Every structure is written in C-alpha cells, then in structure tokens.
Amino acid sequence: MKKSVLIGSAIFFVFALSFTLFLHDEIFLQITGKPVFSDNDFEQQPGAFRPSAQPPTISLSPPGNCEVMDIASSHTATRIGEIVSIYVKGQGCNGETIDVGVYEDDLFFTDPVTRLTGTIVNGKATIDWTLTNDLALLFEEFYEGEELEIYFEIESIRSKILIVRGEPLLQPGADNPNNFVTITEKDGLSTTNYPIVIGRVFIQGEILNYPQVLLNGAPIVTQADVKTRWVDGSVKHAIITFYIPQLNPNQQIVATFQNQQTGNNDGFLTSNNMLSAPYNFEAQTKLTGPGSTVVSASARAMLLDNNFEYWLKGSQSTSIILADHSNLRRYDIGFDSHKSFRPIFLATFFPQSNKIRVRYIGEVANSQVLQDMQYNLELTLGNANPQTVYAKNNLYHYLATRWTKEFWIGGEPSQVDIDHNLEYLKETGFISNYDTSIAIPPTLLTNYYSSNWLSRAKDLYDSGSYMLDMASSGGRHELGPWPQWTIYWLFTGDSRLAKMNSGMADLAAAWPVHLRDGSTGRYFDRSNSINAMGKVLSTNARPQFVFLNAPGSGSSDMVNIVGPQVSNSWKADCAHIPDPYSVQYALSGDYWYLEELWFWSSYGSLSS
C-alpha cells in the first residue's frame, strides 16, 4: 500500500498529541471528560479475578476432536466483483460446521470484514466468497492505498495475504478492450479460410456463456469448446476455432472477444464423415524389428472400429483421440507377446479448408508390460496414395517414454505470428506478473532461435536445448517458472519461438516419467469412483509405489518390467523439473500437451 508518508505523519501527530495531553491533566479532563489515571487506579484485589462467563471469541473451530490444519484461498490477488474460494483442511472434522473470520490487515489496526460459514466434507471445506461493492468502503479510510490486504483466520491459523485491488471488474459479460490477440502472416502467402485454433484463458466474469471472435471488429462464426469455468459459471479456459476468410501476405489482423449464447458445438463430423473420400484420412505407424518383422497400427482402422473420443466438437473443427486404453489393448503392437508399444493418433479436421492435422504418438508406458524397444520407424499419411512423412532407423525407445510427430493432410498452412497478449494473460492470473514494458530486440530473438534451436539436434530423443540430467548443477534455459524460450514467445508471439516452444515440449516426452495403469481392480481417485485403467498412475491406485520401483515400493503396487531396461541419458529429478507444457497447452489447446501435464504430475506425486 502507498501509506508511508501518511503513516509517518500520523505517528508523529499521535505521539505529539498524547505527550501533550498526558502532561496536562486538566486539558485531558476538559477534552475527554475523564481523568488521567494514576498507577494506583489499576490495582485490583485477587478475588476480583475469575473465569469469564463469555466464551472465548478467538476460537472459531467446532468443539470436540476436530483439529483445523490449514486455511488458504484460491487467489493471491483479486478485484472487487470476483469470487474467491477459501479452503479449510481439518482432521476429525467431517460434517462439522466451521466459522471463518475475514480481516483487513493494517499497520495499526486489523479490521473485521465479515464471517463465513462452511461444512467440512472428506477433510476439507470450500467456501465461496463474493467480493461485493460493500468492500469498497474500506478504501475510503484516509490511510488506505490502492489495495487491501485481506486474510482469513480460524482457530488462530491465518491464511496468506490476499491482495484486493479497488478497481472493480467489468460488468458481467461486458466486452474487455484489453482482451485481444494479434495475428500476422509471415510467409508472404495468400490463404482463403485460414484455420486458427487457440486456447484462451479469460478473466472471471468476462465471458458468461461462450466466447466469440471479432476480426478487426467484425464478428465471425466461432466454435468454443469450453474446458473449464470459474465458480460463477463464466468461461475460464476454452479452445477456440475460427477461420480468417482471407489472409493476405504479411497481413496483420486483430482478434477480439465477446460473449455469445452458443459454442457452435453442433454440426461436428461423425466417423462416416471423417472416413469419406474428400478427407483422404489415414495415418499409419510401422515398426520393423528383429528378423525384419513388421508390425503396424492404422488410425483409419481405429476410426472404423469407433475406437475414438472427441476432443473438439463443432461446425468449425472436429478433433478426435484415436487409442485403446482399455484392458483389451486392441491396437498395441510389438515383437513379442507383451506388445509393449501403444500407438495413439490425434486428428483435427477443418471442414472449411479441407485439411487435417495429424499427430502421431508412440509410447511404452503400460504398467504391466514395460520394456525398452528398438525398431525402425516409418510414418505414412493419406489413404489414397499414402506418403512416407517420417522414417528413422534403429530408434531406441526407452520404457516409460513417449515420442510424437505432427503432419498435415491437405498441406500445412503458412506460418503466422500469434501474439496472445501477455498483458491480458497477466490479468487472468494464469501468467506471472512480468514487466511487459520490456522490449526484446529482434536481433536477440534471431540469434537465440538460431543458436538454441536451428543449430541443435532435435530429432526423436535428441536433446535440443535441454540439460538431459535434471539434477545437474547450474542454471540453464529450462529452469524457472517457465523456460526462457517460453518467455520469449509470450513476450513477442514470434512464430519461430512458437515452433521452438512446441518442439522443445515434444522432445521432453523422452524423460522416463510416463506410466499408464494397465491393471484392473484399481481406482484412480480417493472416492474409488474412477477406474484407473488407462489413466496415468495415481497415488490412490498405487499408494506404495515409488518411481520406478525404487526402494520403498510395495510389491503389490510395483510395475512390471518384462524386458530390457538400459540406462537412459534423459534423467528425471523432481527437484529440478522444468515446465514445458502448461503454457503450451493453455495457448494451443492440444490434447497431447494436456496429457503430458498429467504424466508429469503423476511422476511428481510418485517420485518419493
């Protein structure tokens, strides 16, 4: 708070006034109507002391064996008009009603703001508190600055400070002029119906239903697949698909957002639509092993079998996940009876431009049949006249790792810079409070991209710009809240740094942190309602497991290593793990990066 001058003046004034009054009893009596007490006036007989008839006001916990362990809030900073969740953890408190005090912290005073009530269920209570305009009255006190410091307390346990800023939010559903994305064509090409898919995080209360894009102020048909909402029901994160009707060479377009009543999620493609001739859809992963044995997996066969899940649904794009994570393992392949290799395909269809983006994924992650594999890899694309789009011989595939490659049917669109507007992303609370006044020189970007991406080995299992042993000492580009290349991308939207960011995220799948539960009879969650089959390993499904069967693992929770396991130069360490995925997923909406986040979270929870 900006109070230092006022507070200093107030301290001097109070001290001077008090000193004057207490030196002059008559002046004090005339002003207050009360005498100045002498020391003897405070003497009391021992019998005057007795227990108070009033209950202690500081105890806010329920009686009995309930013990409050912690209290925290969902935000570190917020504004008037938002909803903040308060979380209280307790032992032996299930079913108990709790009373939480809300206070405004000052240098001199602690102002009670309100009291909140909740009920503890399964060891935790969640209380939603709406910061109404009544809170703005606290800003009227002359010693307040531009923000309040709020904390929550129960049973003498205090939360961390919540900063509340005075400026109110936009009216619910009002357009936010600060929320825009800038798109710039970079290849000097002209394109009709240019497809755009982005992930977008929104400020609470801004988009009540679904976001709609406006291009240079003109609204266009927008598909919005909302993945998460705020506690008030407004959009928190959505994957947005739209087309630029005509993108000219080097053209710059500004996309803004407003609320719409529908996400245009009808009109998505069915399996028959996707299998039709105009799309020419097929992708195959072929492995050649010992004795020239060839095994393969077909995305088209999975689609014919209806073995897929929708990721994006709507009139502008249809995205599907082609895989079988059940105990049937219909498409797993390999060179022995274990069939340890699992093929996965992600396909996104763009009907307006007749293009398909296809991501190939290969993993050895099944907890029951783990082993290293070595093979020649070939990826083909297209149903009629399939083309080999990638090949690599003698690929050594370490257990608990994955790889990915991405190609387009119908041709990859031209390169565009997409500046996601870091200043707005900061307002959402998703991105840290970076100083956006800093300008990154173009020459620095060019040199960084050249020396840290173009000149680096970056094929499958190559290191790119990573230090492969996470536990190595010293600073490096990938450490920090996010890697350096991610920060450069966020500051500039440069398509070169976007390519490096996604490429480095893809390479990170070579760290052996990927385990998918392949056993039956386990539950992913604590309520034992979600089958663990096909999910990343969880602490509930395998409470005694330590990565990767490390000492301390319980035998019943250990994974099965059925073949060779050699030392991998990609060495994970939970204390030095980078984050290549969270920003990449949030701004791309690509399911591959979300699932990688799940795998890395699983590793973090099971590594000790």
Side-chain angles (χ1 to χ4, degrees), residues 1-4 72-87 104-105 129 131 135-136 138-139 144-152 159-170 176-182 198-207 228 230-232 234-238 256-257 418-441 444-445 448 475-494 497-498 501 577-588 597:
M1 299 183 184
K2 298 179 179 179
K3 304 178 182 176
S4 56
S73 64
S74 58
H75 294 56
T76 57
T78 185
R79 292 186 178 89
I80 291 175
E82 284 198 3
I83 299 175
V84 174
S85 295
I86 297 92
Y87 308 113
E104 198 268 325
D105 196 22
W129 178 41
L131 282 69
L135 201 62
L138 290 173
F139 287 94
E144 287 298 344
E146 298 176 354
E147 53 191 32
L148 305 174
E149 296 180 350
I150 298 293
Y151 68 89
F152 308 95
S159 70
K160 293 182 179 179
I161 291 293
L162 167 70
I163 299 298
V164 179
R165 299 188 175 96
E167 62 270 24
L169 292 171
L170 296 168
N176 186 345
N178 298 323
N179 185 4
F180 60 88
V181 171
T182 306
I198 59 171
R200 193 69 177 163
V201 182
F202 292 92
I203 292 173
Q204 182 178 339
E206 182 178 340
I207 303 295
T228 54
W230 291 98
V231 291
D232 65 355
S234 63
V235 177
K236 187 175 189 179
H237 182 237
T256 54
F257 303 89
I418 301 180
D419 187 340
H420 292 271
N421 186 353
L422 179 56
E423 187 64 36
Y424 175 79
L425 294 178
K426 286 166 45 181
E427 291 186 41
T428 68
F430 170 65
I431 295 294
S432 302
N433 190 28
Y434 288 100
D435 183 357
T436 52
S437 68
I438 296 174
I440 301 177
L444 186 153
L445 287 178
Y448 185 86
R476 46 193 183 270
H477 295 226
E478 66 266 26
L479 294 185
W482 292 286
Q484 187 171 357
W485 50 82
T486 300
I487 301 306
Y488 284 164
W489 173 46
L490 284 172
F491 265 82
T492 65
D494 192 297
L497 274 298
N501 199 73
I577 196 166
D579 177 10
Y581 295 119
S582 62
V583 172
Q584 186 64 37
Y585 167 65
L587 301 186
S588 72
L597 276 171

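Residues take their numbers from the sequence shown, with the count starting at 1. Quantities reported herein were computed from a predicted structural model and do not represent experimental measurements.
Across all their heavy atoms, H237 and G199 have their closest contact at NE2-CA, 4.0 Å. The shortest heavy-atom contact between L148 and E104 is CD2-OE2, 3.9 Å. When every heavy atom of L497 is checked against every heavy atom of W485, the shortest pair comes out as CD1-O, 3.9 Å. P580 and P483 get closest at one heavy-atom pair: CA-CG, 4.4 Å. Scanning both residues, K426 and S432, for their nearest heavy atoms gives CG-O, 3.3 Å. Nearest heavy atoms, F202 versus T428: C-CG2, 4.0 Å.
Annotation: the span from N179 atom CG to R200 atom CZ amounts to 4.5 Å, rounded to 0.5 Å. Separating the CD1 atom in I418 from the OG atom in S588 is a distance of 10.0 Å, to the nearest 0.5 Å. For the atom pair OH of Y434 and CG of L490, the computed distance is 7.5 Å after rounding to the nearest 0.5 Å. Interatomic distance, CD of E82 versus CD1 of I203, reported as 7.5 Å (0.5 Å rounding). If you take CG on L587 and CD1 on I431, they are separated by 6.5 Å, rounding to the nearest 0.5 Å. Taking OG1 of T492 as the start and CG of D419 as the end, the distance is 7.0 Å to the nearest 0.5 Å.
Side-chain contact between V231 and S85: present, with at least one pair of heavy atoms (C-beta onward) separated by less than 4.5 Å. A heavy-atom distance below 4.5 Å is not found between the side chains of I440 and D494. Within the 4.5 Å cutoff, no side-chain heavy atoms of T486 are placed close to those of D579. Residues S74 and V84 meet the side-chain proximity criterion, which asks for heavy atoms closer than 4.5 Å. The side-chain heavy atoms of L422 and F491, taken from C-beta on, include a pair separated by under 4.5 Å. You'll find the side chain of W129 reaches within 4.5 Å of the side chain of I150, heavy atoms only. Between Q584 and W489, the closest side-chain pair of non-hydrogen atoms falls below 4.5 Å.
Checking side-chain atoms of N178 against main-chain N and O of Y424 turns up no donor-acceptor pair under 3.5 Å. In this structure, the side chain of N433 does not engage the main chain of D435 through any donor-acceptor pair within 3.5 Å.
H477 has its ring centre no less than 6.0 Å from the ring centre of Y488.
When only modelled atom types and interatomic distance are considered, S582 and W482 share a side-chain donor-acceptor pair under 3.5 Å.
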